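All of these numbers come straight from a predicted model, not from anything done at the bench. In what follows, chains carry the letters A, B, and so on, assigned in the order in which the sequence lines appear, proteins first and then strands, with residues in each chain numbered from 1. What you see below is based on every heavy atom in this structure, not just the backbone, and it leaves out hydrogens, waters and symmetry mates.
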2 protein chains.
Amino acid sequence: MTTTLHSRVEDDILNRIQSGDWHVGDRLPKEEDLAAQLGVSRSTLRIAFASLERKGVLQRKKRAGTRIISDRPTSRFSMVTGGISEVLSLGRDTRFDISSTRSVADDSVAVLSGLESETGHWLEITGTRKIDENEPPFNWSQIYVTGRYAGIAPALGKGVTSVFEVIEDAFGTKVSRVSQKVLAIACPDRAAKAMGLAEGDPVLQIVARLYDQDDRLFEVSSATFDPERFQVNTDVRVE
Amino acid sequence: MTTTLHSRVEDDILNRIQSGDWHVGDRLPKEEDLAAQLGVSRSTLRIAFASLERKGVLQRKKRAGTRIISDRPTSRFSMVTGGISEVLSLGRDTRFDISSTRSVADDSVAVLSGLESETGHWLEITGTRKIDENEPPFNWSQIYVTGRYAGIAPALGKGVTSVFEVIEDAFGTKVSRVSQKVLAIACPDRAAKAMGLAEGDPVLQIVARLYDQDDRLFEVSSATFDPERFQVNTDVRVE
DNA sequence: ATAAATTAAAAGTACGTACTTATTGAGTGG
DNA sequence: CCACTCAATAAGTACGTACTTTTAATTTAT
């Protein structure tokens with residue numbers, strides 16, 4: 001017995017799924033029964049279940065049981081960060097200075113294409129971030145929030161740490177998922193002017209989508225960065 | 001009783017650390033004793049410990065006990081990916097075609113500055129990746145492996161999926177941590193020629209450092225990507 | 001038919017006990 | 001003084017039991 005019992009149970013369950021013995025979508029026998037069937041304690045089985053759930057193979061729900069949702073485990077990697085701000089690649093202590101806000105319709109802006117807000121329109125917030133007061137900003141961003149949250153406009157006033165935090169505070173919304181894309185683009189005119197670069201210079205663009213606890217998209221941000229003063233750092237640890 | 005017992009225990013321990021009652025570096029009483037002192041079972045305390053360990057506050061070692069290694073928990077975010085290949089932003093099924101290899105000394109290349117291999121030299125592997133055989137490559141990479149693994153050179157032969165996988169297979173080494181940086185740069189001459197771009201065009205550059213199970217740096221890679229055909233996508237879920 | 005209340009099933013939490021394993025620090029011998 | 005053995009210790013694994021919470025499903029009332 002080289003490995004632990006619970007990891008052998010885990011392998012066993014995965015094998016049964018992959019060998020076609022059990023199928024994706026099936027509900028497993030209840031913990032008590034499966035444990036008895038496998039000849040292990042419920043606690044041991046639960047450790048195996050927990051691991052398979054984290055790997056995206058199983059989904060557990062009270063009263064509804066444990067379902068198979070995938071036949072291949074995704075190895076998980078944990079990002080080592082200090083918070084969502086860092087996931088969004090903003091320093092913890094930079095400030096977002098707002099230069100303008102306006103309301104835009106679905107599809108009127110490239111980054112929103114294919115997306116829709118319940119109200120059919122979005123609040124666009126344009127602004128910049130600085131490292132040092134005396135230097136030009138290193139970032140120029142356009143942030144879109146769904147109509148539902150358009151009421152934050154007055155609260156934005158002079159400047160904030162970040163828009164999503166204002167929403168979190170005002171509505172109790174919580175970011176539960178972030179999906180982002182990092183690109184290299186030729187700097188567009190407006191961003192170049194704001195950051196003191198030349199149009200066409202290489203810049204980093206990060207387009208992020210923020211989802212709330214109910215997995216509803218509530219913010220889309222498109223941020224452009226001066227590559228001399230900004231890179232994206234990611235530290236991932238294999239779990 | 002609004003929360004669970006183990007999470008209250010967790011908060012309690014964290015509070016004692018943050019209030020200065022216990023200090024970073026200290027060893028906690030052994031599980032049995034602390035559990036008794038807190039009036040909970042050892043199992044419950046262990047759940048709290050496990051959570052604090054994952055958040056980087058505690059470090060547990062058999063026989064040596066549980067130490068406090070930080071006073072502020074890092075919220076963890078899990079990257080939703082299919083594997084390390086994706087962390088390294090390579091499609092699962094692209095092939096790395098090697099164009100040349102050579103040995104270089106510490107400090108002779110910019111991306112290696114400040115780093116050192118035990119042998120004082122690195123094996124440099126230069127190559128490209130293609131999406132489609134009939135199109136120019138979308139990526140041009142230079143990969144450096146420490147002298148310890150220089151023996152893989154013959155095994156690289158015609159082309160491989162990725163260099164780190166060859167090392168994993170040949171030496172049983174496992175990637176346990178990846179630290180990477182994404183930049184936007186003006187495309188250098190060699191990369192431009194390889195990818196069919198013009199020198200100076202904006203391109204994405206990803207510099208990654210791979211660490212093994214003993215946290216030793218074993219590979220440094222610098223990869224340049226055609227921004228038209230490649231972006232970095234990250235999906236993170238708040239834990 | 002629809003909404004509200006009830007029930008019961010399945011996962012979640014917690015405790016206690018017993019045994020196993022890895023490691024460190026002390027002891028022992030060359 | 002170094003290497004090697006050994007024992008004690010603290011964490012790790014596992015089991016079993018008891019009770020709680022959530023929620024799907026059923027029943028009852030409107």
Side-chain angles (χ1 to χ4, degrees), chain A residues 1-14 16-17 22 24-70 174 176 213-215 239, chain B residues 1-14 16-17 22 24-70 174 176 213-215 239:
Chain A
M1 305 298 166
T2 169
T3 45
T4 58
L5 182 55
H6 63 252
S7 65
R8 272 177 287 141
V9 168
E10 188 182 334
D11 292 347
D12 187 26
I13 293 171
L14 196 56
R16 293 202 197 193
I17 297 170
W22 287 334
V24 172
D26 285 2
R27 214 182 80 173
L28 296 185
K30 68 175 180 187
E31 295 182 349
E32 207 178 334
D33 296 351
L34 185 56
Q37 186 187 315
L38 295 172
V40 300
S41 72
R42 203 184 139 209
S43 341
T44 302
L45 177 64
R46 281 179 57 74
I47 294 171
F49 270 13
S51 174
L52 287 170
E53 188 176 35
R54 291 206 321 143
K55 289 176 182 165
V57 174
L58 302 180
Q59 184 177 60
R60 296 191 285 179
K61 252 164 113 179
K62 281 200 185 105
R63 164 77 229 233
T66 302
R67 305 203 91 87
I68 302 171
I69 55 169
S70 164
K174 269 298 196 183
S176 77
Q213 57 269 53
D214 302 317
D215 216 45
E239 238 158 48
Chain B
M1 304 294 167
T2 168
T3 47
T4 57
L5 182 55
H6 63 253
S7 65
R8 271 177 288 142
V9 168
E10 188 182 332
D11 292 347
D12 187 26
I13 294 171
L14 196 55
R16 294 204 196 189
I17 297 170
W22 287 332
V24 173
D26 284 2
R27 214 182 78 174
L28 296 185
K30 67 176 178 186
E31 296 182 349
E32 207 179 333
D33 296 351
L34 184 56
Q37 187 187 315
L38 296 172
V40 300
S41 73
R42 205 185 136 208
S43 342
T44 302
L45 176 64
R46 281 179 58 74
I47 294 171
F49 270 13
S51 174
L52 288 169
E53 188 176 36
R54 292 208 320 144
K55 290 176 181 165
V57 174
L58 301 180
Q59 183 178 61
R60 297 191 285 179
K61 257 164 109 178
K62 281 203 184 100
R63 163 75 229 234
T66 302
R67 304 204 91 87
I68 302 170
I69 55 169
S70 165
K174 268 299 196 182
S176 77
Q213 58 269 54
D214 303 317
D215 217 45
E239 240 156 50

If a protein heavy atom is under 4.0 Å from the base, mark B; if only from the sugar-phosphate, S; if neither, -; do that for nucleotides 11-19 of chain D going 5' to 3'.
BBBSBB-B-
Could you list all the salt bridge (Lys or Arg N to Asp or Glu O under 4.0 Å) pairs where at least one residue sits in residues 34-45 of chain B, not counting sequence neighbours?
Glu31(B)-Arg42(B)
Excluding sequence neighbours, so at least two apart, what forms salt bridge (Lys or Arg N to Asp or Glu O under 4.0 Å) with Lys62(B)?
none
Which residues share a salt bridge (Lys or Arg N to Asp or Glu O under 4.0 Å) with Lys174(B), sequence neighbours left out:
Glu168(B)
Identify, with sequence neighbours excluded, every residue that meets side-chain hydrogen bond (donor to acceptor under 3.5 Å, both in side chains) alongside Ser70(A).
none
Whole angstrom value for the distance that separates P of dA24(D) from CZ of Arg27(A)
12 Å
Value in whole Å for how far the C1' atom of dA11(C) lies from CD of Gln59(A)
13 Å
Return the set of residues passing salt bridge (Lys or Arg N to Asp or Glu O under 4.0 Å) with Arg16(A) (not counting sequence neighbours), or none when no residue passes.
Asp12(A)
